[in-house]
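Note on naming: letters A, B, ... go to the chains in the order of the sequence lines (proteins, then strands), and numbering restarts at 1 for each one. Bear in mind that the values here come from a model prediction, so they are computed numbers and not experimental data.
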Protein chains: 2
Amino acid sequence: MKKSRPLSDRQKGMLKYIWSYVNDNGRPPTIREIGSAVNISSTSVVNYNLQKLSEKGLLERDAEVSRGLRLTEQAMSMYESAKEAVVGTKTAVAEAVGSLLRIPLVGSIAAGKPIDLPDTGYGIYDDEDMVELSSAMISGRKDGLFALRVKGDSMIDAMVNDGDMVVMREQKTAENGQMVAVWLKKDDTTTLKYFAHEGNRVKLTPANPTMEPFYVNAKDVEVQGRVIMVVRQTP
Amino acid sequence: MKKSRPLSDRQKGMLKYIWSYVNDNGRPPTIREIGSAVNISSTSVVNYNLQKLSEKGLLERDAEVSRGLRLTEQAMSMYESAKEAVVGTKTAVAEAVGSLLRIPLVGSIAAGKPIDLPDTGYGIYDDEDMVELSSAMISGRKDGLFALRVKGDSMIDAMVNDGDMVVMREQKTAENGQMVAVWLKKDDTTTLKYFAHEGNRVKLTPANPTMEPFYVNAKDVEVQGRVIMVVRQTP
DNA sequence: AGTATACACGAACAGGTGTTCTGTGTCAAG
DNA sequence: CTTGACACAGAACACCTGTTCGTGTATACT
């Protein structure tokens, strides 16, 4: 559920000013330039409203960089009505929009503890805690999906970095060849490994091809979920 | 009549950098950013050459204003051919109408060769060759995006596996801290590294935190694009 | 009543950024 | 050889600029 408030007069003015400033000068304005153009005395208020506009997807900001802001296509279209292109593709996109999956980002995953899902279970989530993926990117069932943020460097064996996002599906069992998050009872450790049954043992293979697989007694592992996808956003 | 000297290599480099920076970031660079890009340690030298370029009518400056410079038509025309290639990529933007981005999967990336984009440039794509991502997942500009499939194990230093997908943006320049695909001329190798200017050298840091950064002469690296995202779909 | 949220203001801070000044070396003309 | 224009380096300075903190004021909801 999105609570998208309408733009205030100030925010509309700021947007328009930024647009025309870039048009006139070939570079974005500073916070203080925006402020004096819209009669805002405090830079923090400009900053505040810029952030609001950013949250609405109308502009993007580069932190700690002077003039580090940029209008998005969405905002540009408000001023450049003539710039529509390729109507043909529009229908295809319209169909595709419906197949957008919104996956809750429910917690984090680290080596030292089992996956921590909020006690409430799956319920209501803020917009910030959702990951949007095209359903075309995900094969198989699309229910029971959730995403976790990886904390720490403990998963580099699995080619997963600190800060990466792991999209998973609730599963207590796994088939051979699937990548799973397993809880190793002996070590009190959660790891990501390729999974394979081998008699009463389980073969766990790191994703890093330079590392050797190892074997664990089937009683000592607990499948916590299947890894569908790993996403890393680089700065 | 003024005696108009030909441009020095430095000035040509500055001009080109400014042009690609504006193209990449939507705003002009600072004096120090230009300096580190062209191996000039002193801001006064950059200032000096900027003034020369200004006298030659290749750019205009706004005094006492950060990022207060702008290429003239005359200078822009020097890069006309390259500009058209960029305009070509705009088709990818046109399809980004909704909140869903359709990014062309244009080829593969491997250690032994530069990024191979189809000679045809960006044009028509099959549906199978498109990657769908929510635009909310991608920060920064959304034009000039393309995706590559990673071939081989040569990128494990960058925590990127065989078969992973890399979403990139066409960029000839990079800011400190960004992950880029760089072509190392000496080694005939393409690698993914975190990028940082350091004087006349470039610091390249592997994503794998257990590995040490190394340094290369700025002349021997060529930024081929910026890595926006790495996506791994597990079986 | 109290609590939460959105919005606004002003001040202060740290680092970014253009400018300026002094000095050094090169090279061709006088 | 001397001179002066040209190109460059380094440091210092003053202002610019984004960020953050504390505070205040409405409005809506419990």
Does a side-chain heavy-atom distance below 4.5 Å link A/I228 with A/M168? no
Does the distance from a Lys or Arg side-chain N to an Asp or Glu carboxylate O, for B/D220 and B/K185, drop under 4.0 Å? no
Using a strict cut-off of less than 4.0 Å between a Lys/Arg side-chain nitrogen and an Asp/Glu carboxylate oxygen, indicate whether A/E55 and A/R61 qualify as a salt bridge. no
[N] [atom2] sits how many Å from [X] [atom1], rounded?
| X | N | atom1 | atom2 | value |
| --- | --- | --- | --- | --- |
| A/L50 | C/dC7 | CG | C1' | 14 Å |
| B/I34 | C/dG16 | CD1 | C1' | 15 Å |
| A/R10 | C/dC7 | CZ | P | 11 Å |
| A/I40 | C/dG10 | CD1 | C1' | 14 Å |

Strictly below 4.0 Å: does B/Y48 bring a side-chain N or O up to OP1 or OP2 of D/dA7? yes
Is the phosphate of D/dC8 approached by B/N49 (side-chain N or O, under 4.0 Å from OP1 or OP2)? yes
Using the test side-chain hydrogen bond (donor to acceptor under 3.5 Å, both in side chains), find all partners of A/D62 that sit at least two apart in sequence or belong to another chain. A/R70, B/R27
Residue pair B/Y21 / B/E33, side-chain donor-acceptor N/O under 3.5 Å: yes
Contact letters for nucleotides 10-18 of chain D, in which S counts primed atoms plus P, OP1 and OP2 and B counts the base, heavy atoms under 4.0 Å: BB-----BB
List the residues meeting salt bridge (charged side-chain N to carboxylate O under 4.0 Å, His left out) with B/R226, not counting sequence neighbours, and say none if there are none. none
